[in-house]
There are 2 protein chains.
Amino acid sequence: MDLTTDRKSTDRRKQVLETAARSFAAFGYKATTMDQVAKAAGVGKGTIYTFFANKEELFEQIVRELIAELKAVAERTLDPALPFADNLLRILQQVLAYRDRHGLVVKLSQEVREFGTPMANGGLEAIERSIIAYIAGHVGEAIAKGEVRQSDPALTAYMMLKMYLALTAEGGHLHEPLDAEQVLAHFRFYCLEGLAVK
Amino acid sequence: MDLTTDRKSTDRRKQVLETAARSFAAFGYKATTMDQVAKAAGVGKGTIYTFFANKEELFEQIVRELIAELKAVAERTLDPALPFADNLLRILQQVLAYRDRHGLVVKLSQEVREFGTPMANGGLEAIERSIIAYIAGHVGEAIAKGEVRQSDPALTAYMMLKMYLALTAEGGHLHEPLDAEQVLAHFRFYCLEGLAVK
DNA sequence: GAAATGACCGGATTGTTATTTTGGTCATTT
DNA sequence: AAATGACCAAAATAACAATCCGGTCATTTC
């Protein structure tokens with residue numbers, strides 16, 4: 001059996017997927033060419049089109065895999081013994097840290113800022129939506145357990161993510177950057193406890 | 001005394017300012033030309049440069065005036081008899097409604113989205129900072145009066161604006177739009193009361 | 001002679017055309 | 001039957017010409 005040429009179809013597919021993922025992360029969506037991916041994957045260009053209908057579908061599949069990874073990070077971080085608030089903070093911290101360290105997300109963010117590439121923007125939005133949906137699930141559970149006040153889980157999850165991002169990434173020039181411990185304390189303060197005097 | 005030609009220098013300055021304000025609001029920063037402003041103001045181009053060092057300074061002066069208008073709207077809305085939370089909501093609603101109805105802000109936002117014009121972006125940021133600073137002042141007072149829990153007024157004002165915007169303008173595609181009453185109720189819920197069960 | 005002006009300048013922007021690149025196909029090869 | 005890469009039309013880019021615009025300053029106006 002010739003190991004060089006006799007590879008199963010699943011191997012080729014995986015090879016394409018991995019190569020493309022690396023290329024999208026390194027060069028972004030539009031600067032990644034199908035020719036280049038084919039060459040780097042050691043595969044004819046036509047072969048890619050037997051697995052993926054077009055460049056967009058190839059990209060979407062890679063985003064889907066990243067979302068699965070983020071979910072895995074969240075599941076790994078989740079500790080059922082801890083109260084909801086602690087899990088929420090741990091997960092936000094871990095998931096967003098992973099996201100920000102991941103080459104693909106970093107590159108896509110830059111591409112959106114710089115060129116406004118619609119596909120790159122769509123990918124990032126899909127990631128954001130999936131994070132909100134994941135948190136919303138746990139908010140729903142927390143409400144059922146009486147750990148969180150009654151509210152719309154989806155909207156609450158959305159507000160939580162926005163607040164967390166307001167404290168960390170965004171608006172870096174409107175307030176001085178906060179370290180991890182400060183972010184944690186402030187998030188608890190603003191999001192969970194509320195500003196009204198008790 | 002010839003009313004057509006013998007105008008005082010302050011009149012000419014005001015004329016330029018008003019014409020330029022209308023032009024920036026109608027066409028945005030970069031599509032407004034100094035030639036066009038001079039012509040529409042019935043003034044030689046060189047005259048503009050006796051009042052303003054350059055286009056940027058002219059623009060900044062107009063933004064400064066808009067900020068003063070916003071502050072006036074806020075002051076007019078403020079009712080010292082009302083508790084802090086009510087005033088905050090009324091002011092946010094009034095100021096942001098005024099802002100969104102104001103041609104200049106609308107046009108600058110579009111220009112930033114479309115072309116990323118740095119000057120337009122700078123103007124919007126100045127407006128946002130001034131809103132946050134204004135709210136921060138009142139948050140400071142409310143803390144002193146014991147109406148709001150101890151916190152950094154600037155950061156709290158920033159978080160309040162971000163939350164309000166998250167509920168209204170931004171992320172329109174991540175949750176269905178809310179009407180004014182819902183926004184009010186949700187803002188009270190998320191920002192003031194907090195999510196923790198009491 | 002102080003204030004106002006608009007012709008003028010160089011750099012930036014825009015419009016136009018020529019050239020190259022790229023996503024996707026399909027006849028041919030393996 | 002699976003894989004391939006030469007090929008194509010459309011899209012992106014480069015090259016160049018023409019135009020526009022912010023800012024200046026010698027001249028005019030009052």
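In the text below, chain A, chain B and the rest are named by the order of the sequence lines, each starting its count at 1.
When each of C:dG24, C:dT5, D:dT4 is scored by its nearest atom to the side-chain atoms of A:Val43, the top-ranked nucleotide is D:dT4.
Rounded to whole Å, atom P of C:dT5 lies 13 Å from atom NZ of B:Lys45. Between A:Glu56 atom CD and C:dT22 atom P the separation is 17 Å, expressed in whole Å. Taking atom OH of residue B:Tyr49 and atom P of nucleotide D:dT24, one finds them 7 Å apart after rounding to whole Å. Atom pair B:Lys55:NZ and C:dG11:C1' shows a separation of 15 Å (rounding to whole Å applied). Put simply, CE on A:Met119 is 13 Å from P on C:dG23, counting in whole angstrom units. A:Phe52 has its CZ atom 15 Å from the P atom of C:dG23, to the nearest Å. One interatomic measurement links the two molecules: CZ of A:Arg12 to C1' of D:dA1, which rounds to 13 Å at whole-angstrom precision. The CD1-P distance, from A:Ile48 to C:dG23, rounds to 10 Å in whole Å.
Helical stems in DNA chain C, defined as runs of 3 or more consecutive Watson-Crick or G-U wobble pairs with both donor-acceptor distances under 3.5 Å, are listed by first residue as C:1-30 with D:1-30.
Under a 4.0 Å N-O distance rule, the pair A:Glu69/A:Arg76 does not qualify as a salt bridge.
Between A:His175 and B:Tyr158, the ring planes lie perpendicular to each other; the angle is over 60°, past the 30° to 60° tilted range.
Each of B:Gly46 and A:Gly44 was matched to the nucleotide of DNA chain D holding its nearest heavy atom; the match closer to the 5' end belongs to A:Gly44.
Contact check of residues 19-39 of chain A against DNA chain C (heavy atom, cut-off under 4.0 Å) returns A:Thr32, A:Thr33, A:Met34.
Residues A:Arg64 and A:Gln61 bring a donor and an acceptor atom of their side chains to less than 3.5 Å of each other.
Taking B:Phe84 as the reference, nothing meets the ring-ring contact (aromatic ring centres under 6.0 Å, His included) condition, with sequence neighbours excluded. B:Tyr164 pairs by the ring-ring contact (aromatic ring centres under 6.0 Å, His included) definition with B:Phe187, not counting sequence neighbours.
For the side chain to side chain donor-acceptor pair (under 3.5 Å) condition, no pair includes a residue of residues 51-60 of chain A, sequence neighbours left out. Among residues at least two apart or in separate chains, ring pair (Phe, Tyr, Trp, His ring centres under 6.0 Å) pairs with a member in residues 125-144 of chain B are B:Tyr134-B:His138.
The number of heavy atoms from other shown groups lying within 6.0 Å of CD (A:Glu75) is above 12.
A sub-4.0 Å separation between OP1 or OP2 of D:dA2 and a side-chain N or O of A:Thr50 is absent.
Side-chain atoms of B:Glu147 never come within 3.5 Å of backbone atoms of B:Pro83 as a donor-acceptor pair (strictly under, hydrogens ignored).
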